[in-house]
Amino acid sequence: MTQSLTLRRPDDWHLHLRDGAMLKGVLPETARHFARAIIMPNLVPPVVTLAQAEAYRTRILAALPKGAQFEPLMTLYLTESTDPADVAAAAASGLVKAVKLYPAGATTNSHSGVSNFDKVQPVLEKMAEIGLPLCLHGEVTDPWVDIFDREAAFIDTILDPLRRRNPALRVVMEHITTSQGVDYARAGGENLAATITTHHLIINRNHILAGGIKPHYYCLPVAKRESHRLALRKAATSGAARFFLGTDSAPHVDALKEHACGCAGCFTATNTMPLLAHVFEEDGALDRLEAFTSLNGPAFYRLPINQATLTLVKHESAQIFPEKIFTEAGPVTVFNPGFPVHWHVEP
Ligand code: DOR
Ligand code: ZN
């Protein structure tokens with residue numbers, strides 16, 4: 001029997017679209033299923049001013065396929081010289097919905113990020129005052145901290161002190177990967193939320209490393225051991241308002257993924273919704289998928305929920321998804337969950 005599920009149209013609360021030929025190639029994959037997305041500002045050079053965010057938004061809208069209904073929600077990249085007045089003006093424009101903090105050196109194009117958190121304190125105070133959310137890449141960058149411990153160390157040594165100093169600051173812990181992240185987000189009160197990616201609900205570190213290196217499963221924060229994946233599954237499928245989808249879909253051309261120093265990022269824009277239906281069904285939580293993809297995010301960001309809907313259908317036969325999408329920048333491999341998926345988004 002075919003099963004079908006209709007949801008409010010989902011949003012993606014953490015997305016990398018890049019620019020130029022890559023933007024043109026990947027944007028239709030997101031716009032096909034999602035109404036809005038929080039757009040990451042880690043371009044080269046990064047999006048640090050309102051003028052840059054406006055120009056980037058215009059390029060995104062120009063790259064949309066004809067007739068597509070998609071709203072990019074822009075972010076500013078926080079640097080140690082960001083001016084609080086500029087951030088306030090960007091928020092007041094209505095175009096910028098959050099500020100992104102990368103610890104310097106934590107990930108792709110993060111070298112202009114923050115090393116000394118005292119330097120950004122005036123910006124954080126302004127954001128707390130005006131209610132603008134801070135999106136956080138939560139990993140310490142100390143090379144002596146084991147890569148699998150970097151999220152937990154960040155929570156203890158940076159995030160918790162930062163939130164104690166700025167209790168009114170609204171914070172999104174992005175792409176959490178650990179049970180410590182889940183526990184901290186759950187206990188955090190109404191000013192704290194966490195996004196969870198599709199891929200971290202599906203893979204653990206064995207998928208990357210056992211039986212040969214799988215570069216297309218390498219992302220940051222890196223997937224952790226199985227117990228952490230299970231904690232993420234429990235959080236996402238709980239329906240709790242604190243947790244919502246941020247795919248962190250992060251395209252890199254195959255030549256840079258299959259490389260001696262491969263880039264971090266899983267590209268999940270194409271098949272996220274069918275994969276999530278599979279995951280939520282497996283955990284007996286299909287009735288909570290809509291909260292995760294379409295309700296909890298807008299509630300935290302204080303935006304209306306989408307009026308349009310999206311219908312997923314479960315077919316008898318496994319569905320075929322493209323292995324790659326072919327952009328003018330080069331081929332990009334679509335995340336392969338490693339199991340058959342019967343769910344499909346109806347056109
Ligand atoms: O895997 C990742 N890719 N994690 C990040 O934090 C950045 C992203 C990218 O921009 O490629
Ligand atoms: Zn990201």
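Start at 1 and go down the list; that is how both ligands and their atoms are numbered.
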**OP:** Report, as yes or no, whether the 6.0 Å neighbourhood of atom NZ on Lys257 holds more than 12 heavy atoms from other residues, nucleotides or ligands.
**Re:** yes

Original post:
Would you say Arg229's side chain and Asn204's backbone share a donor-acceptor pair under 3.5 angstrom?
Top reply: no

Subject >> Glu139 with Arg150: basic N within carboxylate O range, under 4.0 Å >> reply: no

Original post:
Is the shortest distance from a heavy atom of Met40 to ligand 1 less than 4.0 Å?
Top reply: no

Subject >> Within-cut-off N or O pair, Leu220 and ligand 1, under 3.5 Å >> reply: yes

**OP:** Can you sort out which atoms of ligand 1 are near Thr108, meaning under 4.0 Å from one of its heavy atoms?
**Re:** 7 (C), 8 (C), 9 (C), 10 (O), 11 (O)

**OP:** With the Zn ion (ligand 2) as the reference point, give the N/O/S atom of His14 that is nearest.
**Re:** NE2

Subject >> Salt bridge flag under 4.0 Å for residues Asp149 and Lys224 >> reply: no

Subject >> Contact atoms of ligand 1, heavy-atom distance to His137 under 4.0 Å >> reply: 6 (O)

Subject >> same_hphob_cluster(Val114, Ile158) at 4.5 Å side-chain heavy-atom cutoff >> reply: yes

Subject >> Charged N-O contact under 4.0 Å between Glu282 and Arg233 >> reply: yes

Original post:
Honestly, is Arg205 close enough over Phe148, meaning NZ or CZ under 6.0 Å from the six-membered ring centre and within 45° of the axis?
Top reply: yes

Original post:
What do you reckon, does Ala264 have a nitrogen or oxygen under 3.5 Å from a nitrogen or oxygen of ligand 1?
Top reply: yes

**OP:** Please confirm whether Arg18 comes under 4.0 Å of ligand 1, counting heavy atoms of the residue only.
**Re:** yes

Subject >> Polar atom proximity, Ala250 to ligand 1 (N or O, under 3.5 Å) >> reply: no

Subject >> salt_bridge(Glu129, Lys126) N-O dist < 4.0 Å >> reply: yes

**OP:** Specify whether an N/O/S atom of His137 falls short of 2.8 Å from the Zn ion (ligand 2).
**Re:** no

**OP:** For atom 6 (O) of ligand 1, state which one of Thr107, Asn42, Leu43 supplies the nearest heavy atom.
**Re:** Thr107

Original post:
Just heavy atoms, cut-off under 4.0 Å: does Cys219 contact ligand 1 by side chain, backbone, both, or neither?
Top reply: both

**OP:** Heavy-atom distances under 4.0 Å are what count here, so tell me which part of Asn109 touches ligand 1: side chain, backbone, both or neither.
**Re:** neither

**OP:** Would you give the angle at the Zn ion (ligand 2) between Asp248 atom OD1 and His16 atom NE2, to the nearest 10°?
**Re:** 90°

Original post:
Is Glu281 salt-bridged to Lys314, going by a charged N under 4.0 Å from an acidic O?
Top reply: yes

